[in-house]
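Working notes, beginning with the structure itself.
Since the model is a prediction, treat every value here as computed from it, not as a measurement.
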2 protein chains.
Amino acid sequence: MSALSIGRLAADNGCKVQTIRYYEDIGLLPPPARSDGNQRRYTRAHARRLRFILHSRELGFSIADIRQLLALTDQPQQPCAEVDELAAAHLATVRRRMARLQAMEQELERMLNHCQHGEVRECRVIDVLADHALCATEHGPAQAEG
Amino acid sequence: MSALSIGRLAADNGCKVQTIRYYEDIGLLPPPARSDGNQRRYTRAHARRLRFILHSRELGFSIADIRQLLALTDQPQQPCAEVDELAAAHLATVRRRMARLQAMEQELERMLNHCQHGEVRECRVIDVLADHALCATEHGPAQAEG
DNA sequence: AATAAAACCTCTAGTCACTGTAGGTTCAAG
DNA sequence: CTTGAACCTACAGTGACTAGAGGTTTTATT
C-alpha cells in the first residue's frame, strides 16, 4: 500500500508541494485520502496523474488543455481525434510564439550590432526602441507562456 | 499646444486607454496636465515616451527593464554600456525561450507523427504525455513572456 | 516516553502586465 | 440644450503558480 506524503510526491516528481495542493484546488488532481492527523496520503494513481500534468505543462499545454486531455484519457475507447486536435493546435501556438521570438531576436541583434558603444544620446539601441520605423521586421505584441 | 486626449493617444499608437492609465499608475508615464473637467491632456513628449514603452514591450522587454532604459535615456551624456547590457541580457533570455519552444515543437511533432489515429487507449500523444521517458529531448519547464 | 525538528495543515496575498467592469462625470456635435 | 461618446476613479479578475503567517502532526533521536 503505497501511501506517499505530499512532500515525497513533490520530491519524487520535481515539483513544489504547493503546486500539488494547487492542482487539487483547481480540480486536476483528485483529493487523496488523509491520515488520522489530516495529512494527505497519495496512491500510485495520483502519482501517475501528477506526472501527466507536469509533463504536459513542460510541453507548454495550458491547464485548460490538460483538463481536456485528462477527461479524454478517461474515455479510452473513444477515437483519439480530439487529443490530436488539441496537440496540433498547441503545436501551432508554439510555432507562432517561436516566430515572434525570432523577430525579437533579429531586431535585438540588429540594434546591438549597430550600436557604436558611445553615449546614450547616440545609442542605436535607444534609437530603435524609440522608433519602430528603424526595425527591419514586423514584430507583433509580446505574449505569455514560453 | 498639441493636447491629445487619452483616447486619441491610444488610437494613434495602437494600445488601449487602460494601458496608458496603467503606465501612469506604475510611474512609467508622467501624469499629464488635466482639462477643467479633469480629463488627461497629453503633449508630444508623452506620445514619444509612450511609443518607447510600447515598442520595448513589443520587443519583449519587461516593465522593470523599460523603467531602467527610460532612466538611462534621461542621462544622455553617459556611456551606453548599461543599455547594451540590458539589451544583451534580454537577447539571451529570448534565445533561451526559443530553445525551450524548439524542444516543445520537436516533441509535439514527434508524438503527432507517431499517433496511429486509433483509440485514446493506444494514442501516442497520451502515452508521451504520461511518460517523459518517451521524449527524445530534455525540455525544461514552461515559462512566461513570449 | 519525551522532546525537538521537520513536515504538514489552511488561508490569504502577491507575482506580471495588463483587461474588464461599475458607477458616475465631461466633452463635442447637432 | 440635449444626446451619446468619451472620459473619470476604483476595484476585481486573468494564469499558473509562489510565498508567507500561524498553527498542528509526524518522525527521529535521546
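Residue Ile26(A) contributes atom CD1, which lies 9 Å from atom C1' of dC17(D) at whole-angstrom precision.
For dA6(D), neither phosphate oxygen OP1 nor OP2 lies less than 4.0 angstrom from any side-chain nitrogen or oxygen of Arg8(B). Of the side-chain N and O atoms in Tyr23(B), one or more sit less than 4.0 angstrom from OP1 or OP2 of dC18(C). The phosphate of dC7(D) (OP1 or OP2) has no side-chain N or O of Arg40(B) nearer than 4.0 angstrom. Taking only side-chain nitrogens and oxygens, Ser5(A) comes nearer than 4.0 Å to OP1 or OP2 of dC8(C). Remark: Ser35(A) is not in phosphate contact with dT25(D), judged by side-chain N or O atoms under 4.0 Å from OP1 or OP2. Contact annotation: Lys16(B) side-chain N/O to dA17(C) OP1/OP2 distance is not under 4.0 Å.
For the pair Arg41(A) and Arg21(A), nearest-nucleotide mapping onto DNA chain D gives the more 5' position to Arg21(A). Between Ile6(A) and Thr19(B), the residue anchored closer to the 5' end of DNA chain C is Ile6(A), taking for each the nucleotide with the nearest heavy atom.
For Tyr22(B), the side-chain atoms get nearest to dA17(C) when compared with the rest of dT10(C), dA17(C), dC8(C). For Asn38(B), counting side-chain heavy atoms from C-beta on, the closest listed nucleotide (dA7(C), dA16(D), dC8(D)) is dC8(D). Listed nucleotides: dC8(D), dC9(C), dC18(C). Nearest to the side chain of Arg34(A): dC9(C). Nearest to the side-chain atoms of Gln18(B) among the listed nucleotides dA16(D), dT21(C), dC27(C) stands dT21(C).
Electrostatic pairing of Arg21(A) and Glu24(A) does not count as a salt bridge here, judged by no charged N lying under 4.0 Å from a carboxylate O. Ion pairing between a basic and an acidic side chain is recognised when a charged N comes within 4.0 Å of a carboxylate O; Glu138(A) and Arg100(A) show no such pairing.
Side-chain contact check for His90(B) and Thr93(B): no donor-acceptor pair (N or O, by modelled atom type) lies under 3.5 Å.
Checking Glu105(B), Glu107(B), Gln102(B) one by one against Thr137(B), the side-chain hydrogen bond (donor to acceptor under 3.5 Å, both in side chains) holds for a single residue, Glu107(B).
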